[in-house]
Each structure stands twice: as structure tokens, then as C-alpha cells.
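Worksheet for the structure shown next.
All ligand and atom numbering here is 1-based and tracks the order in the structure.
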Amino acid sequence: MSLTLSVGDLTIHRIIEQETPYLPALDLLPALTPQVLAENRVWLKQAAAIDENDELILCFQSYVVKTPHHTILIDSCIGNDKPRPNRAKWNMKTDDLFMRGLAAAGVSMADIDFVMCTHLHVDHIGWNTRLENGRWVPTFPNARYIFAKGEFDYWAAQNAKAELPPFADSVLPVVEANRAQIVTHDFAIGDHARILPTPGHTPGHVAFTFGKGKDDAVFSGDLMHSPLQARYPELSMKFDVDQATAAATRRAFLERYCETATLCCTAHFPSPSTGRIKRWGNGFACEAMV
Ligand SMILES: [Zn+2]
């Protein structure tokens, strides 16, 4: 399986940190019925999107996008050395899979010009920082870290009420190091990278679109987690902060890109995680490029 894709004048690398059963489908998607799950089990298994225990299999990954001018990291995965007691596979991790993935893509930490976070959940900000002599420091020393203002403000307010370790160890140290750029929705990098607001999963969640003058690729973050939600966009997941908005955002996003040439790069769909959006009944499929 190739982890490198080319579209337009972009080169895209997948940097996989984990690909693993996550939670039972019926738990993660509260509106999913056992009947609908049964009707879809065959193709979900063929897509390696569900295991024998009906747990949804998710990939946890970042993308590196090389434009003619910049090297950009989209989301920064789980990270190492971080106390995440609620999830054993993420807690105080010490493996080198992410860093080896970067190296395999021919990218060094110093090469990253921008880190762009679709939202500030724990599995999208982890490698923003790394532990150095007991302190959290930005992992990518030359990068500007792009946080959407609505998302940053939401989590800053939550963190002010009670400290949120992921925000405290993976976002605030970047701000304190003067590496953060809090941006509004009109932010762009040259004529190659833009923001597409996609609220619902979190209040300030954004997608990123790339391509000169047109969307050659879109990075959808967590507006959907499983191909089952492309098939049934109304199925919100239990961690969507606003379930109704998430469902409306999902359908609008899929309709926007349906039957277009835009490569959709999802955060969590099982490998290959990327494809073009096609219509499937009243829903959609993300068809891998051949
Ligand atoms: Zn996520």
C-alpha cells in the first residue's frame, strides 16, 4: 500500500500512528440500529472498517502536504509521553511509529512550515509538542501552528473552567513559544491552502482545502469517522459536540464534493483513508483511487 498520493501540483504523504479497533459501532454511533449494522456488515468487513466484534476500525494519522512552496502537516496525531489515562493505547506512549513515518516520507521536523489542526481533540494535537528536559516544546521548530479562532476560543474557555491536559500539554506550550497563529475562516496560505468551516464535531472544527484555484484535495478532519457515516450522513458519533449540526455539516460536505475530482483525505477511515466521493443511494461512498 502506497502512503504517497499526487494530485494537481501537490504531493500528499500519510503518516500513520495507529490503525486499530476503536469502539463498538453501536456505541460510537448511537442512532445506528442492529438491523442497519447487519445490512452493512459485509462491505464494512471487506473495507476492513469493522472487526469480528463489530468494533469500528479507525486509522490515526497525519498528512504531510507538499505544495510548490511549503511543507504542511495536517493534524498531529496522538504523540508520546502524554498522560491519557482514559485510553490505554494513547497513554504515555513511547513508540517511534510517527517519527519513522515522517522519515519515510523524506520529511524532517525542521522541514514543516505549517502545522494545521482541524480541531483540538487529543488525537489531532499530540505531536504539536514533545517532551524535552521535562518541558513541552513545539515538535516542529520552524512551523507556524494554525488554530481556528472559534476552536481555540472554545477549548481555552473549557480549560479555564478545569484544566484539560491535552490543551495544557499540546496547545498552550505552542502559544507560549510564540508559534501559534489563531486564524479566522478567511485564512489562506498563498493560493494553495484554504479553510472550509465544518462545525459540529467540535464548535470550531474546520476542514482544509488544497490546490491552486480549485480543491484538488480536502482534509476532512473528524466531520466523519467511519465510511458508515458517508453511507448514512445522519449518523452522528457520540463525541460530536452538536449532533444535529454535525449531521448537517456531514451531508453538506459530501454533497459539495460528490462526483468531483477532489481527493478527500479523511482523518480516521481505515486505510487507504482517501478517495473520491461518489453517490450511493441516499448517501455517499469514498472510493479509493486506483
Ligand atoms: Zn479524531
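At least one N, O or S atom of His268, from either the backbone or the side chain, sits less than 2.8 Å from the Zn ion (ligand 1). Here His124 meets the criterion, with an N, O or S atom under 2.8 Å of the Zn ion (ligand 1).
The N, O or S atom of Asp222 lying closest to the Zn ion (ligand 1) is OD2. The name of the N, O or S atom in Asp123 nearest to the Zn ion (ligand 1) is OD2.
One finds the CE atom of Met237 at 13.0 Å from the CG atom of Leu32 (value rounded to the nearest 0.5 Å).
Sparse packing is recorded around NZ of Lys212, with 12 or fewer heavy atoms of other residues, nucleotides or ligands lying under 6.0 Å away.
Under 4.0 Å is where a charged nitrogen must lie from a carboxylate oxygen, and between Asp216 and Lys214 at least one such pair does.
A donor-acceptor contact closer than 3.5 angstrom is absent between the side chains of Asp75 and His119.
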